[in-house]
Colleague: 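This is the structure, below, for whatever I ask next.
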Amino acid sequence: MTKVYHLNLEKKQIQKARLALMPGDPFRVPKIAEEIRNIYGGEIQPLAWKREYQTYLCQFDAHKLLVTSTGIGGPSTSIAIEELALLGVDTFLRVGTTGAIQKQVEIGDVIITSGSVRLDGASTHYAPIQYPALAHHEVVNALVEAARSQKIPYHVGVTASADTFYPGQERYDSYTGYVIRDFQGSLQEWQKLGVLNYEMETAAMFTMAGVMGLRAGCVAGVIVNRAGRENITAADLQLGEHNAVRAAAAAVDLLLKAGKTSKKAKKAE
Ligand code: URA
């Protein structure tokens, strides 16, 4: 097999890894790989970096996993999922940051998404909008157990996954300060409907994994609470990122044990 185009990776490089941890930011990839090595030992190796997609291979005991960045939003995430699936990956764990919208959620807490409101476009290229964007129960369970074991405060529930950071998340601190009518009042409506937070990738990731018969989940560290204020400080970003990475790293062991569930992966065994 030649290299997949955007990730610039070929099958033999990933050495049959089936689990990928997926931050948005390519610069977070080595940090996550180092956290995996600190916890589990073994070795880490940079494999490729093209555009927003950086990939590291982590190996410990007989296990292998990847850390691959998605870039921001559904379109770039869809490419990463598509190309990793082509290479044989069957479990996708997004490790992100997020803006909470419920008062009880604190900065540094993590949100484990059970399902996402599809406020994006990319996911509609894979399934009609009525199709639910759901996390896989094994990934959700592993993340809950991991957050508990690390004593990280966590919340499980529904996420609004938007294509845009500004209007789609009803932010008025933009260039025009204008939010189109469709999104005016949307933040309050999601609050009333019990949605926990905003982020930008799970709609595409979960919809794709669902229709492909693969596993996906997301743990996101809270870096701002929109029920309070709008600005994101460096300290809040660091805390949110750190706790999401800790929870994801602790979930790795459980996910590797829970095995693979995809039809394709089962057939390949
Ligand atoms: N990521 C988002 O998409 N929204 C936020 O408010 C914070 C992080």
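Ligands are counted one by one from 1 in listed order, and the atoms in each one are counted from 1 as well.
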Colleague: Answer yes or no: does an N/O atom from R171 fall short of 3.5 Å to an N/O atom of ligand 1?
Modeller: yes
Colleague: If the cut-off is 4.0 Å to any non-hydrogen atom of V224, which atoms of ligand 1 fall inside it?
Modeller: 6 (O)
Colleague: Which ligand 1 atoms are under 4.0 Å away from a heavy-atom of M200?
Modeller: 3 (O)
Colleague: Counting from 1, what ligand 1 atoms have a heavy atom of Q169 closer than 4.0 Å?
Modeller: 2 (C), 3 (O), 4 (N), 5 (C), 6 (O)
Colleague: Going by an N to O cut-off under 4.0 Å, is there a salt bridge joining K31 and D25?
Modeller: no
Colleague: Under a 4.0 angstrom heavy-atom cut-off, which atoms of ligand 1 come close to G99?
Modeller: 4 (N), 5 (C), 6 (O), 7 (C), 8 (C)
Colleague: Which atoms of ligand 1 are found less than 4.0 Å from any heavy atom of E199?
Modeller: 3 (O)
Colleague: Is it true that E199 and R94 make a salt bridge, defined as a side-chain N closer than 4.0 Å to a carboxylate O?
Modeller: yes
Colleague: Do you know which two heavy atoms are closest between Y40 and D253, and how far apart they sit?
Modeller: OH-N, 3.2 Å
Colleague: Is the shortest side-chain heavy-atom distance between R215 and L255 below 4.5 Å?
Modeller: yes
Colleague: Can you say whether the rings of H6 and Y53 are parallel (under 30°), tilted (30 to 60°) or perpendicular (over 60°)?
Modeller: perpendicular
Colleague: Run the ring-centre check on W49 versus F27 and record whether the distance is less than 6.0 Å.
Modeller: yes
Colleague: How far is atom 1 (N) of ligand 1 from its nearest protein heavy atom, and which residue and atom name does that atom have?
Modeller: T97 O, 3.7 Å
